[in-house]
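The residues of the chain are indexed from 1 along the displayed sequence. Hydrogens, waters and symmetry mates play no part in the numbers below; they use all other heavy atoms, side chains included.
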Amino acid sequence: MQVLMVPPEQLRALIIMEADLGERVLRALIMRGVASMEAGGSGPFLIGPPDSTDVRRLENFLGRNGDPHHGQAGASARIEN
């Protein structure tokens, strides 16, 4: 497999110049999203104590908006900046 690194501003210009490329990229992103939803792996994965106010707030927000999300009850994570 080969990877081509293209800076965002150059990618935008390329997609504007080559409409067919833009359509293919958009179609690939949509298909990836559909496949991810069908596999049950879409949306954010919430990690934290189930009694955490922040975790509950995020779960409520995502649920109200119908966004798929997953979580691991009782799990915690250390986030480093």
Same apolar cluster: Leu14 and Leu29, side chain cutoff 4.5 Å: yes
From Arg64 atom CZ to Asn60 atom CG, the distance as rounded to the nearest 0.5 Å: 6.0 Å
Partners meeting side-chain hydrogen bond (donor to acceptor under 3.5 Å, both in side chains) with Arg24 (sequence neighbours left out): Asp20
Least distance between heavy atoms, Val6 atom then Leu11 atom: CG1-N, 3.6 Å
Rounded distance [0.5 Å steps], CE in Met5 versus CD in Gln10: 11.5 Å
Reported CG-to-OG distance for the pair Leu46 and Ser52, which is rounded to 0.5 angstrom: 10.0 Å
